[in-house]
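Structure record follows, encoded as structure tokens.
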Amino acid sequence: MGINVKASKAKGRRLQNHVRDTLRELFSSRLEEDDIKSQTMGMTGEDIVLSPAAKKLIPYSFECKNKERLDLWASLEQAQSNCQDRSPVLVFKRNRTKTYAVLEYDKFLELISEK
């Protein structure tokens with residue numbers, strides 16, 4: 001494996017771990033640490049692995065991309081193909097930028113509407 005591939009995987013792993021750690025902190029009073037895990041690099045499926053208890057609280061499936069050039073549509077397709085019965089969320093960033101999340105517009109409206 002070349003140095004660029006290793007560096008790229010490490011960069012992706014950092015974002016996955018950031019998302020995992022942020023979710024763990026957000027749900028620390030209701031979930032155990034091992035309820036939210038980061039998928040091993042190179043494995044298929046969701047990037048953030050949730051236990052059944054975590055899935056009840058977090059109805060989302062996360063795909064993480066830490067790239068300088070992101071193929072948005074291919075990344076969204078990957079998120080959708082891995083989401084099972086939950087809503088796909090694409091979390092992405094590049095060097096020296098903020099982290100962003102993309103989700104379906106209807107889900108966004110649900111989040112901001114008064115319940």
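Quick caveat: nothing in here was measured; it's all calculated off a predicted structure. One is the number of the first residue; the rest follow in order along the sequence.
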Minimum heavy-atom distance between Ser61 and Cys83, given as atom pair plus value: OG-CA, 3.4 Å
Interatomic distance, OG@Ser38 vs CZ@Arg14, rounded to 0.5 Å, equals 12.5 Å
Among pairs that include at least one residue of residues 78-87, which meet salt bridge (charged side-chain N to carboxylate O under 4.0 Å, His left out), considering only residues two or more places apart or in two chains? Glu46-Arg86
Residues at least two apart in sequence or cross-chain that pass side-chain hydrogen bond (donor to acceptor under 3.5 Å, both in side chains) with Asp35, listed by chain then number, are Ser51
Less than 4.5 Å apart, any side-chain heavy atom of Phe92 and any of Thr99? no
Does some side-chain heavy atom of Ile58 sit less than 4.5 Å from a side-chain heavy atom of Ile36? yes
Would you mind reporting whether Arg30 and Leu57 have side-chain heavy atoms less than 4.5 Å apart? yes
Apply salt bridge (Lys or Arg N to Asp or Glu O under 4.0 Å) to Glu25 and list each qualifying residue two or more places apart in sequence or on a separate chain. none
Same apolar cluster: Leu111 and Leu26, side chain cutoff 4.5 Å: yes
Any side-chain hydrogen bond (donor to acceptor under 3.5 Å, both in side chains) involving residues 71-80? Give me the pairs, sequence neighbours left out, ordered by first then second residue. Glu63-Gln78, Lys65-Gln78
Which residues share a side-chain contact (heavy atoms from CB on, under 4.5 Å) with Val89, sequence neighbours left out: Tyr60, Phe62, Val91, Ala101, Leu103
Path from Leu50 to Leu15 over hydrophobic side-chain contacts below 4.5 Å: yes
Indicate whether any N or O donor in one side chain lies under 3.5 Å from an N or O acceptor in the other, for Arg20 and Asn17. yes
Partner residues of Lys55 under the salt bridge (Lys or Arg N to Asp or Glu O under 4.0 Å) criterion, sequence neighbours left out: none
By the salt bridge (charged side-chain N to carboxylate O under 4.0 Å, His left out) test, which pairs, at least two apart or in different chains, include something from residues 91-107? Lys107-Glu110
Mind checking what makes side-chain hydrogen bond (donor to acceptor under 3.5 Å, both in side chains) contact with Lys67, not counting sequence neighbours? none
Listed by chain and number, what are the side-chain hydrogen bond (donor to acceptor under 3.5 Å, both in side chains) partners of Arg13, not counting sequence neighbours? none
Quick check: is Val19 connected to Tyr100 through a chain of hydrophobic side chains (ILVMFWY, heavy atoms under 4.5 Å apart)? no
Counting only heavy atoms from other residues, nucleotides and ligands, does the tally under 6.0 Å from NZ of Lys37 exceed 12? no
For Gln16 and Gln39 the tightest heavy-atom approach is NE2-O, 2.9 Å
Spacing of CG belonging to Asp47 relative to CG belonging to Asn82, to within rounding of 0.5 Å: 7.5 Å
With sequence neighbours left out, what residues match Glu33 under side-chain hydrogen bond (donor to acceptor under 3.5 Å, both in side chains)? none
